[in-house]
2 protein chains.
Amino acid sequence: MSLIRYALLSLLAREPLSGYDIKQQMNDRFAPFWKAGSNQVYPELSKMESEELVTLISVEQHSYRPARKVYEITDIGKTTLAEWTIEPKEVEKVRDDFLIKAYNSWMIPPAEMIERLKDIKVQHEERLAIYERKMVELSGQFKLFDTSDPNFSSISVIQFGAQYERLYLAWCEDLIEKLNLSLQQQK
Amino acid sequence: MSLIRYALLSLLAREPLSGYDIKQQMNDRFAPFWKAGSNQVYPELSKMESEELVTLISVEQHSYRPARKVYEITDIGKTTLAEWTIEPKEVEKVRDDFLIKAYNSWMIPPAEMIERLKDIKVQHEERLAIYERKMVELSGQFKLFDTSDPNFSSISVIQFGAQYERLYLAWCEDLIEKLNLSLQQQK
DNA sequence: CGTATCATGTAACATGTTACATGATTTT
DNA sequence: AAAATCATGTAACATGTTACATGATACG
């Protein structure tokens with residue numbers, strides 16, 4: 001039911017991982033699509049183990065550290081994930097704070113709003129750079145047209161991310177331009 | 001602090017509204033950017049009233065119905081909203097369920113995945129149509145270059161929405177095409 | 001004659017975020 | 001000497017969703 005469950009399974013469908021690995025992948029590699037706190041990952045893994053969606057395949061003990069518990073997806077886990085994947089669902093709300101801020105731009109002096117937009121642009125440029133780096137990384141190890149290769153899916157999702165950032169940048173630039181025009185008209 | 005507060009203020013900055021009005025605007029007109037339940041709207045309005053961000057300007061009693069309580073934003077409310085609007089903040093995660101589903105597309109038979117994508121496309125086409133209708137509505141009552149007109153902001157946000165839906169559609173079409181190619185190669 | 005609308009609100013539940021706790025080791 | 005890394009996990013808090021409650025009237 002909960003979304004986090006399927007996010008975890010999506011990663012485990014590709015390779016066995018520990019809770020810690022999953023957190024890393026979400027917060028570093030998978031970012032900025034997703035994020036998960038330890039309080040969600042660890043309890044969910046235990047629950048999924050008791051429901052036989054995953055199994056514990058090894059417990060590595062490096063002397064002093066807490067035991068590293070590595071989980072593998074089961075066949076039940078795979079079919080559960082596949083069923084969820086093709087299950088129809090209403091699409092999400094967009095829900096981006098900055099869009100509400102933009103909805104208030106009429107209250108803000110144009111010069112100030114332009115500064116804000118430039119800040120936002122920098123952040124989106126950084127994200128775009130991350131996606132583009134990932135694209136280069138992945139496209140090397142990918143056989144064209146093999147849609148059953150996990151990399152096919154990774155690439156398509158990253159491509160979405162990159163396109164999204166380009167859209168955001170273009171939108172910011174357009175707004176900046178309009179605000180600039182109105183500044184010049186005032187003079 | 002909470003986001004809902006600023007969403008409410010954003011609407012009240014344009015005109016006085018009741019809690020019911022706000023819910024309507026969010027769930028109908030403002031959709032699909034945002035959504036709010038009554039349990040968030042009504043208590044938040046009371047809280048904001050006690051903090052003097054809004055004031056109750058009228059209580060309409062239509063015989064049998066619960067009293068309709070209309071709120072207006074105060075000057076404190078306006079400056080609070082304006083400050084929040086220009087306050088820098090890290091940009092949001094994208095977080096769309098379907099992107100996780102797409103991340104699992106390698107597990108799904110291409111023909112099935114194509115069907116799913118077509119379903120999603122329909123939903124995004126509907127949203128695009130909503131945005132385009134709103135654009136026509138709004139652009140009529142808008143003086144070009146007047147960035148202090150609330151409609152200027154409305155238009156820019158809706159434009160973002162429309163561009164987003166076009167991106168989503170293009171991405172779906174691209175994926176469908178790739179999946180189709182791999183189907184033909186299998187034959 | 002059942003359902004939708006107006007209009008407030010509460011309660012129960014699900015989900016997500018931030019901070020904390022442990023504790024040796026490696027890096028700065 | 002301080003901070004980051006690995007690795008598990010818990011607790012407190014904030015936010016969001018779904019369902020319920022009231023109750024007269026208008027609509028199909």
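Below, chain A is the first sequence line, B the second, and so on; all start at residue 1. Worth knowing before you read on, the calculation uses all heavy atoms, side chains too, and leaves out hydrogens, waters and symmetry mates.
- Mapping Ile4(A) and Gln24(B) onto DNA chain C via the closest heavy atom, the residue that lands nearer the 5' end is Gln24(B).
- Between Arg5(B) and the phosphate of dT15(D), there is no side-chain N or O to OP1/OP2 separation shorter than 4.0 Å.
- Taking atom OH of Tyr42(A) as the reference point, atom P of dT15(C) lies 21 Å away to the nearest angstrom.
- Ala67(A) comes within 4.0 angstrom of sugar-phosphate atoms only, judged by non-hydrogen atoms across all strands, and of no base.
- For the pair Asn27(B) CG and dT5(C) C1', the computed distance is 15 Å after rounding to whole Å.
- The phosphate of dT8(D) has OP1 or OP2 within less than 4.0 Å of a side-chain N or O from Ser18(A).
- Among all heavy-atom pairs drawn from Glu72(A) and Pro16(A), the shortest one is OE2-CG, 4.1 Å.
- In this view, Tyr168(A) and Asp96(A) satisfy the side-chain hydrogen bond (donor to acceptor under 3.5 Å, both in side chains) rule, not counting sequence neighbours.
- Figure legend: cation-pi geometry between Lys93(A) and Trp34(B) absent, as NZ or CZ is not positioned both under 6.0 Å from the six-membered ring centre and within 45° of its axis.
- For Lys69(A), a side-chain nitrogen or oxygen approaches OP1 or OP2 of dG9(D) to under 4.0 Å.
- Atom P of nucleotide dT25(C) and atom CD of Gln61(A) are separated by 13 Å, given to the nearest angstrom.
- For the salt bridge (charged side-chain N to carboxylate O under 4.0 Å, His left out) criterion with Lys121(A), the lone passing option out of Glu165(A), Glu115(A), Glu173(A) is Glu173(A).
- Separating the NZ atom of Lys93(B) from the P atom of dG16(C) is a distance of 14 Å, rounded to the nearest angstrom.
- Distance Met26(A) CE to dT17(C) C1': 15 Å, rounded to the nearest Å.
- A straight line from NZ of Lys23(A) to P of dA4(D) spans 15 Å, rounded to a whole angstrom.
- Trp34(B) places its CH2 atom 10 Å from the C1' atom of dG16(D), with the value rounded to the nearest Å.
- The shortest distance between the side-chain N/O atoms of Tyr20(A) and the OP1/OP2 oxygens of dT8(D) is not below 4.0 Å.
- An end-to-end axis angle of 50° holds for the helix from dC1(C)-dG28(D) to dT28(C)-dA1(D), taken from five base pairs per end and rounded to 10°.
- In this structure, Leu12(B) and Tyr71(B) approach most closely via the heavy-atom pair CD2-O, 3.5 Å.
- Under 3.5 Å, the side chains of Arg14(A) and Ser154(A) contain a donor-acceptor pair of N or O atoms.
- Here the CG-CG distance, from Leu11(B) to Asn104(A), works out to 9.0 Å after rounding to the nearest 0.5 Å.
- The nucleotide whose nearest atom lies closest to any side-chain atom of Arg95(B) is, among dG16(C), dG23(D), dT17(D), dG16(C).
- Mapping Arg68(A) and Asn39(A) onto DNA chain D by nearest heavy atom places Arg68(A) closer to the 5' end of the strand.
- Rounded to whole Å, atom C1' of dT8(D) lies 16 Å from atom CG of Leu17(A).
- Judged by closest nucleotide on DNA chain C, Gln40(B) is the one of Gln40(B) and Gly37(A) placed further toward the 5' end.
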